[in-house]
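Written out below as structure tokens is the structure these notes cover.
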2 protein chains.
Amino acid sequence: MAERIEALASLINELSKLPGIGSRSASRMAYYLLDQREEDVRTLAEAIWQAKKKIRICPVCQGFTDTPVCSICASEKRRSDIICVVAEPRDVAALERTHEFQGKYHVLHGVLSPGRNIGADDLRIRELLARLSDGTVREVIIATNPDVEGEATALYLARLIKPLGVQVTRIAHGIPVGGDLEYTDEVTLGQALSGRRQM
Amino acid sequence: MAERIEALASLINELSKLPGIGSRSASRMAYYLLDQREEDVRTLAEAIWQAKKKIRICPVCQGFTDTPVCSICASEKRRSDIICVVAEPRDVAALERTHEFQGKYHVLHGVLSPGRNIGADDLRIRELLARLSDGTVREVIIATNPDVEGEATALYLARLIKPLGVQVTRIAHGIPVGGDLEYTDEVTLGQALSGRRQM
């Protein structure tokens, strides 16, 4: 989809690198931006650049932060004896939206994946073990995705952490709220049965 | 979907203003960007800003250009006696991709729409009539969309231009190439019949 206007072609090219954006959507966005007021376009460009410039990795939990230590790690209101381990920074935001969890987080930045050549050294596991060394943490909840790689990572971490005398738990698998038994796959249904709780 | 990191929240907010981007996609894009290298993110932000800063409206055809007059208007290879009228700047790119049209363009920047309070004065019609005044142009092809507003605009322009002694034509309506008679709506099928051509 060649564009004769160079600045427009390069904008479409850059936008189409975004996840889920094909060349059609990129082109639509580009023409939309050219129709907007200059200050609105500048605000978008600035927001992109400022976010990248300001947001760093929290040295404690390895999640994103725009302060030296992230607000969750720095908070005195959060429990320090329980850490929830997630694969990606975005998973922290997803769990925070539930308002269910009062502990702290640890972000692995990926999961073990022999296929994509991602081993234990590529994840922030060393940093997690360091946080467990002083005996403050009593439970580690492993909240990686319930897929093959997420499960393998959970098992790997459990084997590593249990000998330290720390309890290791896994988030529950089951039927999503609002889901339908009839349309739930067998594996999930099996997990929902074996993970049943007293009422 | 509250985000506790301010720079991230404002990035997600800005991205979700883009057409076709909801808060989920915006959030996905934002986290994706934070995972990219700093220079790649800068390139995107720059591309957005540069496109907006460099691209202006061509004073002749009213399409987008990054030169004083757009490359099509300035080209000596393009026929000056035929103008194709489109509603939006992006339509020029769509028609150029066909490599079928050798004339010049005129962009209206919208279509007549009583519902959205867009009248003839809001479109670049005056600029079109000015281009027809010196007698160079012999044919005006009206390539607005084949919907109610596009048709109304086409009729309005035809009534305005014909008295100037300029031939006015309309792009053909019919079954899209690769389309299926069985699944074509009656109006399109009717147009395809009445617009039939000698083989």
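Each chain gets a letter, A, B and so on, in the order the sequences are listed, and its residues count up from 1.
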A/I48 CD1 to B/M29 CE distance, which is reported to the nearest 0.5 Å: 9.0 Å

Note: with side-chain heavy atoms under 4.5 Å as the link, the other cluster members for B/L157 come out as B/I83, B/V85, B/L108, B/L112, B/I118, B/L123, B/I125, B/L128, B/L129, B/L132, B/V137, B/V140, B/I142, B/Y156, B/L160, B/I161, B/L164, B/V166, B/V168

Which pair of heavy atoms, one from A/A7 and one from B/A51, lies closest together, and at what distance? O-CB, 3.7 Å

Just checking A/K17: does its NZ atom have more than 12 heavy atoms from other residues, nucleotides or ligands closer to it than 6.0 angstrom? yes

Of the backbone (N, CA, C, O) and the side chain (C-beta and beyond), which part of A/I21 lies under 4.5 Å from a heavy atom of chain B, both, or neither? side chain

Just grab all the salt bridge (Lys or Arg N to Asp or Glu O under 4.0 Å) pairs involving residues 168-190 of chain B, residues at least two apart or on different chains. B/E151-B/R170

Could you see if B/V41 belongs to whatever hydrophobic cluster contains A/V41? Use Ile, Leu, Val, Met, Phe, Trp, Tyr and a side-chain cutoff under 4.5 Å. yes

Quick check on the interface: out of B/P19, B/A45, B/A47, who has the most heavy-atom pairs with chain A under 4.5 Å? B/P19

Identify which of A/K53, A/Q50, A/R42 forms the greatest number of heavy-atom pairs closer than 4.5 Å to chain B. A/R42

Less than 4.5 Å to any heavy atom of chain A: does that hold for the side chain of B/I55, its backbone, both, or neither? side chain

Please report the interatomic distance CH2(A/W49) to OG1(B/T43), rounded to the nearest 0.5 Å. 9.0 Å

Salt bridge or not between B/R56 and A/E38? Use side-chain N to carboxylate O under 4.0 Å. yes

Per the ring-ring contact (aromatic ring centres under 6.0 Å, His included) rule, what does the pair list look like for residues 75-102 of chain B, sequence neighbours excluded? B/F101-B/Y105

Expected contact set for residues 57-72 of chain A against chain B at heavy-atom separation under 4.5 Å reads A/F64, A/T65, A/D66, A/C70, A/S71, A/I72

Keeping B/Y31 on the side-chain end and A/D91 on the backbone end, is there a donor-acceptor pair under 3.5 Å? no

In one Ile/Leu/Val/Met/Phe/Trp/Tyr side-chain cluster, 4.5 Å: B/I12, B/L34: yes

Nearest 0.5 Å, please: how far is CG in A/L8 from NZ in B/K52? 11.5 Å

Enclosure of B/R138 CZ (heavy-atom neighbours >12, cutoff 6.0 Å): no

Straight-line distance of B/R90 CZ to A/R28 CZ, nearest 0.5 Å: 8.0 Å

Side chain, backbone, both or neither: which part of B/E46 has a heavy atom under 4.5 Å from chain A? neither

If you define the side chain from C-beta out and look only at heavy atoms, does anything of A/E14 sit under 4.5 Å from B/D40? no

Could you tell me whether B/N117 atom CG has more than 12 heavy atoms of other residues or ligands within 6.0 Å of it? no

